[in-house]
Structures are given as C-alpha cells and as structure tokens.
Amino acid sequence: MRTSRRALIIAAGASLLPLHPTLAAALIATPSQTEGPFYPTALPADTDNDLVQVRGQAAQAMGTVLHLQGRVLDLNGRPVEGALVEIWQCDAQGIYDHPRQPGRERRDSAFQGYGRMMAADGRYSFRTLRPVAYPGRTPHIHVKVATAGGGLLTSQFYIAGEPGNERDGIFRAAARDLRQRERIEMRLAPAPGLETGALATTMDIVVG
Ligand SMILES: [Fe+2]
C-alpha cells in the first residue's frame, strides 16, 4: 500500500512524543540478597558515611579507600526521597566487627565497619574501603535501603571482574540476569581528583 506524505509526517512526529509510561519504566531493580550473619548487633558510636575515619581517632583505616556514591531510584528512574542507606563490610584483613566473627579482637579499630546516611535528593555517598575477600566469600559490600514508604531492600555490591565472583554462590544467584548483574557490579576507577590513591565507583540503587 502506498504511504501518503501526510502519514509519514505523522509517523515522524510520533517519535518525538514522550515515551508511554509503561515504556519509560525500563529500569530493573537491584536484586535482593541475603543480609548475611554480620549485620551489626549494636551500632558503632560513629555511624556517619566516612567509614575510613572513626570520630575521635587519629589513625585512618588500613586498606584502599573507595568512594562509593550513587542515587536511590524507583523503577521509572526518579530519585527516591527520604531513603536511609546503610552499608557494612569487613576490614582490610577480612574481619567484621561482630560477635560471631572469629578473631574479632584482631580487627582494625580504625575502620568503622558500618555507616549510614539519609539520601538527599536521592543521592548517597560513602567513603569506605575496597572490599576484600574472606574465607568463603568474594569481596563485597553489604547494603540496605529503607524507604520512607516502608520499603526495604537488602543487597550486596561486588567488584566487576573479580576472579572469585564466579565461585561465589550468592553472587552467581544475583547475577544470573545480566541486567541485575549491572546493579551489583562496581566498576572501580582511580579518583585522583577526590583523593590520592583512592578509587571511586557509582552505583545506582533501584528499588522496586
Ligand atoms: Fe559479608
């Protein structure tokens, strides 16, 4: 059938219209993963978003500094207001500050181990450590997000390309879907503008 010039003009104009809402909801949620056994039983005295520096201590934590930042988004890509973001992880020797942690007394007391912050305009940021492996697990950072609407997401972030990832059952289960994998793999880059010797990564957290 011959297409009229008018029909072509209409078709061209249609592509400039905003996406239909169902098409715009294109983001995939950050996959839920186990909290694991090391969520703090008691929060440390200092719970701010700089885990490398404990308030009142001169020493900085051992390990490579990692600036972790991003946004908390809904499935439509809109910033989520009033989201509390928590992270926790082991120190540079693989030791958590937790009663169930064997060798806890050897932990680096200059590492805060846990931090939290209220996202502002959906944005969060932490100064923490590049995570390290410990027996049975590939390097990871635990994350929990509580939204003002009562939503709760518990997940973990990993280092993209880390050889141990594919041997880690928790990682494999969460990364089975390639789009979910993007949500949990941190791509680390040097961050000389932020801090000498430090790394940086951006991880948006998408809550369903
Ligand atoms: Fe862990």
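Positions are given from 1 along the sequence. Just so you know, ligand 1 is whichever comes first in the structure, and atom 1 is the first atom listed for that ligand.
Note: angle at the Fe ion (ligand 1), from NE2 of His140 to OH of Tyr96, is 100° (rounded to 10 degrees).
Checked against the 6.0 Å centroid threshold, Trp88 and Phe38 do not count as a close aromatic pair. You'll find the ring centres of His142 and Tyr114 outside the 6.0 Å limit.
In this model, a donor atom of one side chain and an acceptor atom of the other lie less than 3.5 Å apart for Arg137 and Gln156. Between the side chains of Arg181 and Tyr158, no donor-acceptor pair is found at a separation under 3.5 Å. A donor atom on one side chain and an acceptor atom on the other are not found under 3.5 Å apart for Glu35 and Thr154.
At a cut-off of 2.8 Å, Cys90 is not counted among the residues with an N, O or S atom near the Fe ion (ligand 1). At a cut-off of 2.8 Å, Gln156 is not counted among the residues with an N, O or S atom near the Fe ion (ligand 1). For the Fe ion (ligand 1), the set of nearby N, O or S atoms under 2.8 Å includes none belonging to Gln89.
His142 contributes atom NE2 as its closest N/O/S atom to the Fe ion (ligand 1).
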